[in-house]
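Read the structure below first, then the notes.
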Amino acid sequence: MHTLGQTRSRRRPDHVLLTPDTFVRAPLPGMKRCTAIIHAAPALGAAFSEYTAEFQGGGELGAAHHQRFLYVLEGTITLEADSKTASLGPRGYAFLPEGLSHRITAARDSRAVVIEKAYSRDQSVGMPDVVVSSEDNVASRPLEEDTDLQVRCLLPEEPSFDFAVNTMIYQPGAALGMVEMHVMEHGLVMLEGGGIYRLGDSWYGVKAGDFIWMAPWCPQWFGAIGKAPAKYLIYKDWNRHPLSARAQ
Ligand code: UGY
Ligand code: MN
């Protein structure tokens with residue numbers, strides 16, 4: 001069905017909102033029975049890439065040239081690394097450090113968010129370790145003492161990690177307590193519910209399935225609207241001095 005050229009998707013210099021009606025699928029090198037919807041990449045000004053990988057049964061992701069983070073949305077993903085095998089269901093996730101050879105496959109139709117970033121090495125800290133877990137095993141904590149806004153940090157909060165991936169759950173009516181403006185950029189996948197996102201000088205209605213990229217210092221604020229909680233998965237670069245190389 002065409003929409004007479006209408007969409008909620010927007011591209012602005014400091015942010016992008018992508019809604020599912022504008023998603024375009026294409027394979028990446030090495031993928032088998034799998035396609036990617038690329039949401040953010042250096043072509044946009046981002047220092048990382050983020051895509052949704054859609055696997056058919058027997059599907060496989062290609063090799064990674066950078067660190068890779070994977071969060072399962074639907075189905076079951078099998079990860080083979082370090083001569084171990086793990087099966088990840090919805091909310092399962094993995095972090096694979098740069099250089100770790102691994103295989104990511106799906107025996108049946110599955111979807112996962114994949115974030116890749118060149119590692120920003122800091123001589124004062126060691127390399128990050130592999131992480132395989134589920135969001136269900138991570139304790140949440142309130143943001144700024146607001147118990148209606150719960151954050152789960154999926155990666156260890158250690159300086160060896162140069163990015164963070166968190167989930168944030170807002171009870172209906174909960175909102176960020178401030179308009180944030182910060183050096184870190186964000187890639188955000190709306191997982192559940194919806195609300196109003198302020199990005200730059202625009203306010204957008206957003207809902208599950210949407211993707212948002214926020215450039216460094218993009219003014220940002222969110223308030224949850226509806227009768228069910230709103231939840232998103234959010235990436236940010238992290239733990240590095242602002243003068244360290246911004247690898248692309
Ligand atoms: O971690 C963050 O910067 C987060 N509070 N930002 C956001 O939700 N837009
Ligand atoms: Mn932020």
Side-chain angles (χ1 to χ4, degrees), residues 8-19 39-40 44-50 67 69 71 91 93 95 113 115 117 120 128 131 135 138-226 228-242 244 246:
R8 289 185 295 112
S9 285
R10 291 289 183 275
R11 181 180 176 180
R12 299 284 179 260
D14 65 350
H15 66 268
V16 160
L17 167 64
L18 297 170
T19 60
H39 304 304
L44 194 61
F48 66 104
S49 78
E50 183 159 355
Q67 355 173 47
F69 176 92
Y71 177 91
R91 299 179 303 286
Y93 66 90
F95 167 81
V113 176
I115 297 167
K117 177 188 181 297
S120 171
V131 178
E135 191 190 341
V138 179
S140 71
R141 59 170 187 249
L143 185 72
E144 312 271 334
E145 293 166 23
D146 180 353
T147 53
D148 285 340
L149 205 180
Q150 295 286 333
V151 182
R152 282 187 173 82
C153 299
L154 303 186
L155 293 178
E157 294 171 88
E158 291 165 11
S160 54
F161 288 82
D162 70 350
F163 69 86
V165 184
N166 304 334
T167 59
M168 297 179 61
I169 299 183
Y170 296 70
Q171 292 306 311
L176 284 176
M178 59 185 282
V179 176
E180 294 180 7
M181 293 178 70
H182 50 59
V183 63
M184 302 86 81
E185 59 178 335
H186 285 311
L188 181 159
V189 177
M190 285 298 300
L191 296 172
E192 293 170 23
I196 301 291
Y197 231 109
R198 176 188 172 165
L199 299 168
D201 291 330
S202 303
W203 278 254
Y204 302 100
V206 298
K207 60 181 181 177
D210 293 349
F211 176 85
I212 295 169
W213 170 68
M214 297 171 230
W217 290 287
C218 173
Q220 59 199 255
W221 174 89
F222 178 70
I225 293 184
K231 175 178 178 183
Y232 54 72
L233 179 80
I234 185 166
Y235 157 95
K236 64 180 164 190
D237 49 304
W238 188 236
N239 277 335
R240 290 294 177 269
H241 191 280
S244 70
R246 191 167 180 264

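We count ligands from 1, going down the list as the structure has it; atoms in each ligand are counted the same way.
- Applying the 6.0 Å contact sphere to CH2 of W221 captures more than 12 heavy atoms from other residues, nucleotides or ligands.
- Aromatic ring centres of Y71 and F95: separated by at least 6.0 Å.
- Between F69 and Y93, the ring center distance clears the sub-6.0 Å criterion.
- In terms of modelled atom types and a separation under 3.5 Å, the side chain of D237 and the main chain of E185 share a donor-acceptor contact.
- Shortest non-hydrogen contact noted between I169 and P229 is CG2-CB, 3.9 Å.
- Under the 6.0 Å cut-off for aromatic ring centres, H15 and Y204 qualify, their centroids lying closer than that.
- Residue M168 has at least one heavy-atom neighbour below 4.0 Å for each of these atoms of ligand 1: 5 (N), 8 (O).
- Ligand 1 lies less than 4.0 angstrom from a heavy atom belonging to H182.
- The number of protein N/O/S atoms found under 2.8 Å from the Mn ion (ligand 2) is 4.
- Considering every non-hydrogen atom in both A175 and D146, the closest pair reads O-OD2, 4.2 Å.
- Taking the six-membered ring where the residue is Trp, Y170 and Y232 present tilted rings, their angle falling between 30° and 60°.
- Summarising the geometry of V206 relative to R8, their closest heavy-atom pair is CA-NH1, 3.9 Å, with the distance given to 0.1 Å.
- Of the polar atoms of N166, none of the N or O atoms is found under 3.5 Å from an N or O of ligand 1, judged by distance alone.
- Residue W238 does not touch ligand 1, judged by heavy-atom distances below 4.0 Å.
- Residue contact check: I234 has heavy atoms under 4.0 Å from atoms 6 (N), 7 (C), 8 (O), 9 (N) of ligand 1.
- Which of E144, M178, E180 comes nearest to atom 3 (O) of ligand 1 through a heavy atom is settled by distance: it is E180.
- Residue contact check for ligand 1: Y232 places a non-hydrogen atom closer than 4.0 Å to it.
- Atoms of ligand 1 lying under 4.0 Å from any heavy atom of K236, numbered from 1 in the order shown and given with element: 1 (O), 2 (C), 3 (O).
- Nearest heavy-atom pair, V138 versus R152, reported as atom, atom and distance to 0.1 Å: O-NE, 2.8 Å.
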